[in-house]
Amino acid sequence: MRVAVIGGGPGGLYAAALLKRLDPSREITLWERNAPDDTFGFGVVLSDETLGGIEHADPAVHEAMRAEFVRWDDIDIVHRGIRHTSGGHGFAALGRKRLLEILHDRCHSLGVDLRFNAEAPLPARLAETYDLVIAADGVHSATREAYAEAFRPSVTEHRCRYIWLAADFAFDSFRFEIAETEHGVMQLHGYPYARPSPDHHPSARPSGPQNHFGASTVIVEMREEVWRAAGLAQADEQESVERCAKIFADALGGRPLRSNKSTWTTFRTVVNEHWSHGNLVLLGDAAHTAHFSIGSGTKLAVEDALALAACLEEQPSLADALTAYETERRPVVASTQRAARASLEWFENLGLYLDQPSRQFAFNLLTRSRRVTHDNLRLRDPRFTGDVERAFGCPPGTPPMFTPFRLRGLTLRNRVVVSPMDMYSAVDGVPGDFHLVHLGARALGGAGLVMTEMVCVSPRGRITPGCAGLWTPRQAEAWRRVVRFVHTQAPGAAIGVQLGHSGRKGSTKLMWEGIDEPLEDGNWPLVAASPLPYTPENQTPRELTRAQLTDIREEFSQAAWRAARCGFDLLELHCAHGYLLSGFLSPLTNRRTDRYGGSLDRRLRFPLEVFDAVRAVWPEERPMTVRISATDWADGGTTAEDAVEIARAFAAHGADAVDVSTGQVVADEHPEYGRSYQTPFADRICHEVGVPVIAVGAISSWDDVNSLILAGRTDLCALARPHLYDPNWTLHAAAEQGYQGPGVSWPAPYRAGSRPPRTGRTDAPKPRLKLGT
């Protein structure tokens, strides 16, 4: 096999070395347009997992790297002059230049043809003359761009400017430092990558050769508008270096910084629909990028090289190998990119968190990517985590999720909410035994607040024939039975009602018969903000007249009055997911030209009128919340910025909390799914508006709940599917954390089951001696 490698970064070099080591008969040529000792950036961080793969695949490379590593455990976070240290993290780093030297030596020893200061031939030419072409030519990959129609890349530029610099001393930890300047917030990311020489004195100041005192990577980052306001857009390289050293003089101990052709740049997230085309394959940053704040660029490139080499060994043909390579790597990369995106956006929005208490700020920073969690930190550094919990107000032995939370006159015993879930099991809008058992079981299961499904305010406001309602006394009596059960049999649990109207998404089949599909018969006429069907197959609604708006507002008011008489503890107004009130809020579904359409203020008018009418009849001491879709996940729809203003408007009208969901407004949406993927929207509303929030969306573990609550990204967490899987989810979360206290209590008949049952023998003798055959 003849292999061409374009790009002499760590990924390309390591791929070349592995392929040659696995089969010395391969002819491998690598082109690098820069000189061997040219490198951009300074230090490289690798995980133990990646190092294990390198050790297994090529012990010689691993041994050479191991001799150079700087290892450390601590992360320091400096916020408003206060430093908090979290330990137990385990990092390994070395200089990028030294890493390249190790890989150069390994390639030379194996017989790889390395060609420096040489532009690679055109990819098409290489594809004709080589069996395999590996494009490891970085974030600006010319190969990727030459075959853009095949790879279908997407490159997203982000909001911050950053610059890679170095300091000629070794930090003793991974350091994050925040500078609040007259121009805005700036942050430093720093970590050591070279150890001091054995004869250095810690109190001495650098004056000798580089790396005598060790070396550290220093990245300075800030929002684009801050960068411009500070005049750094006009600064040359040397001035930028001097300005950064002055801004972060405390972190640097007054020492200078140095650069290496360093320039201010914006981070680009690269995603490709396909990673191979014929015998061309992308690797490393050419295929994908992950923000430097989680230190994964070199890690991903090296792991790509390992996977590609393994697949070429294991698969019967090149086509099979490239398919297997992408199949193996894509989910790993996607997960890393989700974490990197969360970390990147956290730093973009750093200004939101500056007023947090310093310990909570530090915890928030450490858990920003959602890969480090409360439970994980508790294992790594119980002292630090305990300090954060105490500062938050957790009583001894109490996880954050089991701390109480007050909304108006209602105190919830814990932060867990059973999210509203349509059951489509009512008859003529009347909830029956199913609803009693369903909601009663979840109340007995320990949640602080159990929410009903969307309860419709009129027959025409139903989604399906199976939807529950509150437009008749018979329905109200049935709901009173459910509320009475929760209050008497699950003391401590609160129950809330969600009121809504289907709008253009009504008159459809039961979910399991065809979600959002129109009924085959028995349809009822639909109404909406504008005459736009949800899909071409769905019924076109009639645009509501002013008189009809008044009638619907009264229907909401009457339903709320009945809900109050039923004894519900909390009422939520459903303004999300494309139903009637949501349809007024989104510019994609509201095309009105009257006072209820146009600008956001006008689109808000009718939902706020309904909110005010409901609040007027809802008891003053009982809280009222509103659920919104914080984004439509569609071009031209509601944005995160709009969501902040929507939340602000409802809060000004008396909303006690905002339940922050997303999407389901238009059929052609493109959600960015992932663990806790909707929580950043709640986080932003929480900090920009200052209103309590309920976070929803793929929150599935008690560890996630604890992490989100303790970081201050939400006040309550609503979980749906986990409560379908396990009605006793909250009780089990308490048992698994060893918690017993007022935040949750096992119903007396269930107490015998408060410990996990044994699942097998535990008294079998352990083997004492292993004999050979």
Novice: Which label fits Tyr739 and Phe402: parallel for a plane angle under 30°, tilted from 30 to 60°, or perpendicular past 60°?
Specialist: parallel

Novice: Can you classify the ring geometry of His574 versus His577 as parallel (below 30°), tilted (30 to 60°) or perpendicular (above 60°)?
Specialist: perpendicular

Novice: Do Thr625 and Asp659 pair up side chain to side chain, a donor and an acceptor below 3.5 Å, judged on atom types alone?
Specialist: no

Novice: Excluding sequence neighbours, so at least two apart, what forms side-chain hydrogen bond (donor to acceptor under 3.5 Å, both in side chains) with Gln337?
Specialist: none

Novice: Hydrogens and angles aside, do Asn376 and Thr373 bring a side-chain donor and acceptor to less than 3.5 Å of each other?
Specialist: no

Novice: Could you tell me which residues satisfy ring-ring contact (aromatic ring centres under 6.0 Å, His included) with Tyr750, sequence neighbours excluded, listed by chain and number?
Specialist: none

Novice: Do NZ/NE/NH1/NH2 and the carboxylate oxygens of Glu348 and Arg341 come within less than 4.0 Å?
Specialist: no

Novice: Is it possible for you to check whether Arg562 lies under 6.0 Å from the centre of the six-membered ring of Trp479, through NZ or CZ, and within 45° of that ring's axis?
Specialist: no

Novice: Salt bridge or not between Asp715 and Arg406? Use side-chain N to carboxylate O under 4.0 Å.
Specialist: no

Novice: Is atom CG of Asp428 surrounded by more than 12 heavy atoms (other residues, nucleotides or ligands) closer than 6.0 Å?
Specialist: no

Novice: Are Thr269 and His158 close enough that a side-chain donor and a side-chain acceptor fall under 3.5 Å?
Specialist: yes

Novice: Using the salt bridge (Lys or Arg N to Asp or Glu O under 4.0 Å) rule, take Asp433 and Arg481 through it: C-alpha gap first, then chi angles, then the decisive distance, then the call.
Specialist: CA-CA 10 Å; Asp433 290 346; Arg481 175 183 177 226; 3.0 Å; yes

Novice: Just so I know, are the side chains of Leu600 and Glu645 near enough to count as touching, which here means a heavy-atom distance under 4.5 Å?
Specialist: yes

Novice: Do the side chain of Arg622 and the main chain of Ala564 share a donor and acceptor less than 3.5 angstrom apart?
Specialist: yes

Novice: If we only count heavy atoms from C-beta on, is the Arg615 to Asp656 side-chain gap below 4.5 Å?
Specialist: yes

Novice: Is Glu345 salt-bridged to Arg368, cutoff N-O under 4.0 Å?
Specialist: no

Novice: Hey, mind stepping through Lys509 and Glu520 against salt bridge (Lys or Arg N to Asp or Glu O under 4.0 Å) and telling me if it holds?
Specialist: CA-CA 8 Å; Lys509 297 177 181 178; Glu520 295 176 1; 3.4 Å; yes

Novice: In plain terms, say whether Arg474 and Glu477 are close enough for a salt bridge, that is, a side-chain N and a carboxylate O under 4.0 Å apart.
Specialist: no

Novice: Quick check on Arg553: does its CZ atom have over 12 non-hydrogen neighbours (other residues, nucleotides or ligands) under 6.0 Å away?
Specialist: yes

Novice: Would you check if there is a donor-acceptor pair between the side chains of Asn538 and Thr535 at a distance under 3.5 Å?
Specialist: yes

Novice: Is a side-chain N or O of Arg462 found less than 3.5 angstrom from the main chain of Cys456, in a donor-acceptor match?
Specialist: no

Novice: Using only heavy-atom distances, determine whether the side chains of Arg371 and Ser335 contain a donor-acceptor pair under 3.5 Å.
Specialist: yes

Novice: Side chains of Asn706 and Gln737, heavy atoms from C-beta outward: is any pair under 4.5 Å?
Specialist: yes

Novice: Please answer whether the main-chain N or O of Leu710 pairs with a side-chain N or O of Gln360 as donor and acceptor at a distance below 3.5 Å.
Specialist: yes

Novice: Should the pair Tyr353 and Trp346 be assigned to parallel (<30°), tilted (30 to 60°) or perpendicular (>60°) ring geometry?
Specialist: parallel

Novice: Side chain of Thr662, backbone of Ala630: donor and acceptor closer than 3.5 Å?
Specialist: no

